[in-house]
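Have a look at the structure below before the remarks.
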Amino acid sequence: MWICRSNRGKGAVCFIKLRDGTGSLQAFIKKGNVSDEELEIAQTASRESTFQITGEIAKKRPPKVPEGEPLPPPEYEIVASKIIILSLAETPMPLGVTDKVEVGMDVRLDNRFLDLRRKHINAMFKLRSRILQYGREHLISEGFGEINSPKIIAAAAEGGTNLFPIKYFDRDAYLSQSPQLYKQLAVMGNLERVFEIGPAFRAEKHDTYRHLNEFISFDIEMAWASDEDVMQVQERMISHIWSEIKSNDQSLIDDINEFRVSEEKEPIVVNVPSIPFPRVSYCEAIELIQNKGIEINWGDDIEAHHADMLAEKYSEFYFIPKWPMAMKPFYIFHDKNETSATGGQLSRGFDLNYGRDEMTSGGQREHRADVLTQNLIDVDLNPDDFDFYIDGFRYGAPPHAGWGLGVARLLMVLTGAGNVRETVLFPRDRRRCTP
RNA sequence: GCUCCUGUAGUGUAGUGGCCUAUCAUGCAGCCCUGUCACGGCUGCGACCCGGGUUCAAAUCCCGGCAGGGGCGCCA
């Protein structure tokens with residue numbers, strides 16, 4: 001186990017707080033129980049060194065409490081009889097695992113292995129694992145199967161975003177921005193309900209609390225489904241995740257709250273969101289923002305400062321369905337009869353927001369090969385580059401829908417983290433690609 | 001690509017021209033105390049990002065470089 005903290009000095013007794021993945025424990029070391037050399041080791045070893053301690057578990061002596069106050073519940077400790085040092089930690093450490101002083105993000109990320117030993121950071125990544133676990137469980141219970149799509153792709157598949165170019169033997173290739181086209185092809189192949197949890201790469205030079213250049217996307221695609229059908233899948237899944245965390249993982253939440261309270265922040269409370277989430281269509285959202293006295297027109301993007309207006313009314317999860325077709329990618333489905341009051345073509349694309357922040361983008365997909373081809377032409381993409389994709393729709397295609405959810409953003413919402421870098425082990429941003 | 005801000009011991013900070021031989025906390029080292037438990041006490045160690053300029057005097061003002069951060073744009 002690691003040494004968390006030891007008392008100082010050369011006396012006849014010594015206490016060391018030990019830690020491993022299962023929790024922490026005090027070791028009681030007393031002259032006579034161990035050799036003098038072992039006592040010396042225990043008293044002088046640096047923090048974060050690793051020990052192997054043999055001994056008996058015994059009830060701790062209760063701490064002194066002021067007159068009249070109740071004794072705390074009994075605690076246990078290990079009374080050491082043998083101490084072996086496994087690895088001495090160098091000093092000074094670049095950041096203190098148990099120190100009260102704050103640490104800058106950069107120092108933390110440069111020394112993530114130490115940062116992760118901090119209790120609340122550790123809890124954050126255990127929660128991340130739980131989110132993925134509960135999300136998987138839920139989708140599997142609804143008949144979904146997990147797939148893996150290629151991350152090395154041949155062409156700038158969808159336009160819109162910048163891709164990272166790579167060398168693929170003698171050819172140029174790119175890192176995938178999304179599993180979109182491949183999960184659709186899987187559905188064309190009668191896998192019917194699929195999901196993927198995998199990396200997506202975007203070569204955008206953004207620099208905000210919610211963007212990274214590599215992130216894990218939680219994607220689903222579902223045959224014989226509409227935008228509304230997959231929104232329901234999503235709200236059930238999120239509700240399931242929250243509900244499982246609330247009943248199984250309160251101790252991890254407590255670890256985070258212990259830190260938040262020391263920082264004088266509000267503790268987080270896991271409130272299982274009620275279903276259905278509000279639906280605020282794009283047209284309604286624009287109207288709502290206009291009513292706040294902000295100048296915005298139908299067809300404009302809802303930017304972060306606009307979403308602040310929506311967040312005043314909808315502070316938690318809400319869907320924004322039916323975006324203008326012109327603002328959505330070519331593979332989103334549209335119905336010619338669905339238009340705005342001003343006559344603009346609507347689509348079956350939707351977003352899921354939490355307050356001001358976008359969590360998900362999704363929609364019903366275009367399954368008509370001829371419309372897909374026309375959509376590509378409309379956005380100045382060459383249909384020939386997409387033969388591998390459109391071919392999949394030529395031989396009978398089911399209507400289908402899906403979405404992609406940012407795992408790190410969901411974890412931010414759950415844990416109240418203010419920066420997506422908090423929720424990713426080794427984040428990749430504009431300036432950082434190490435460690 | 002635009003814009004604003006910041007670089008002080010291992011870490012987090014105080015400091016806006018002389019009171020800086022640079023504050024405090026944490027850490028580290030030594031000593032003392034100790035069935036401690038956020039242990040405590042004493043002593044010590046350790047820093048002004050780099051280069052140039054202004055000035056009698058620069059951590060502090062100016063210029064350049066480097067590094068970092070916030071926001072915007074962009075972003076399925």
Side-chain angles (χ1 to χ4, degrees), chain A residues 4-18 24-31 33 43-44 46-48 58-65 72 75 77 79 89-111 114-115 118 157-163 176-181 183-184 200-213 215 217 219 221 258 262-263 301 303-306 323 327-332 347 349-352 358-363 365 379 402-406 418-419 421 429-432:
Chain A
C4 261
R5 188 179 278 284
S6 65
N7 70 336
R8 307 276 303 274
K10 299 274 187 214
V13 295
C14 170
F15 305 91
I16 298 180
K17 195 172 178 192
L18 300 165
S24 64
L25 178 70
Q26 172 170 285
F28 175 53
I29 298 149
K30 189 178 179 182
K31 194 180 172 76
N33 288 171
Q43 286 169 334
T44 58
S46 48
R47 296 186 305 165
E48 298 301 315
K59 214 177 251 183
K60 276 165 78 168
R61 283 196 195 174
K64 294 174 199 123
V65 293
E75 291 187 69
E77 66 183 359
V79 179
E90 289 181 25
T91 60
M93 292 188 293
L95 63 92
V97 171
T98 53
D99 291 5
K100 297 291 178 259
V101 293
E102 287 183 46
V103 199
M105 183 69 80
D106 218 41
V107 172
R108 289 177 46 201
L109 292 179
D110 282 340
N111 301 279
L114 277 179
D115 187 45
R118 304 202 296 164
E158 298 168 38
T161 190
N162 293 314
L163 305 188
S176 166
Q177 68 189 102
S178 151
Q180 182 60 38
L181 306 183
K183 62 181 183 172
Q184 286 185 262
F201 305 90
R202 311 266 167 101
E204 300 292 341
K205 290 183 178 173
H206 35 48
D207 198 5
T208 77
Y209 69 91
R210 62 189 187 281
H211 286 100
L212 290 175
N213 296 295
F215 63 93
S217 177
D219 273 86
E221 203 65 33
E258 190 184 318
S262 77
E263 295 274 289
D301 198 7
E303 292 167 9
H305 65 279
H306 297 130
W323 285 68
M327 300 175 65
K328 285 290 165 187
F330 72 89
Y331 52 77
I332 293 289
S347 76
F350 67 87
D351 283 358
L352 173 73
E358 183 182 331
M359 296 284 120
T360 290
S361 186
R365 318 305 190 183
V379 293
W403 41 255
L405 165 69
N419 192 313
R421 290 163 183 79
D429 64 27
R430 191 173 184 171
R431 298 184 183 90
R432 175 180 289 276

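Values below: all heavy atoms of this structure, side chains included; hydrogens, waters and symmetry mates excluded. Below, chain A is the first sequence line, B the second, and so on; all start at residue 1. Note that the structure is a prediction, hence the values are computed from the model and not measured.
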Roughly how far apart, to the nearest Å, are [N] and [M] at atom [atom1]?
N     : M     : atom1 : result
B/U11 : B/U16 : C1'   : 25 Å
B/G65 : B/C28 : C1'   : 34 Å
B/C31 : B/G70 : P     : 44 Å
B/U34 : B/C50 : C1'   : 49 Å

Salt bridge between A/Glu77 and A/Arg61, side-chain N to carboxylate O under 4.0 Å?
no
Is the shortest distance from a Lys or Arg side-chain nitrogen in A/Asp351 or A/Lys328 to a carboxylate oxygen in the other one below 4.0 Å?
yes
What contact category does A/Lys60 fall into here, base, sugar-phosphate, or nothing, at under 4.0 angstrom with non-hydrogen atoms?
base
Pairing check on [N]: which nucleotide meets the Watson-Crick or G-U wobble criteria with it, both distances under 3.5 Å?
N     : value
B/C37 : none
B/U6  : B/A67
B/G12 : B/C24
B/U60 : none

Tabulated below should be each protein N or O lying under 3.5 Å from an N or O of nucleotides 69-72 of chain B; please produce it.
| residue | atom | partner | partner atom | Å |
| --- | --- | --- | --- | --- |
| B/G70 | OP1 | A/Asn419 | ND2 | 3.2 |
| B/G71 | OP2 | A/Tyr209 | N | 3.4 |

Can you check nucleotides 9-11 of chain B for protein contacts, nitrogen or oxygen pairs under 3.5 Å, and list what you find?
| residue | atom | partner | partner atom | Å |
| --- | --- | --- | --- | --- |
| B/G10 | O2' | A/Met93 | O | 3.1 |
| B/U11 | O2' | A/Glu102 | O | 3.3 |

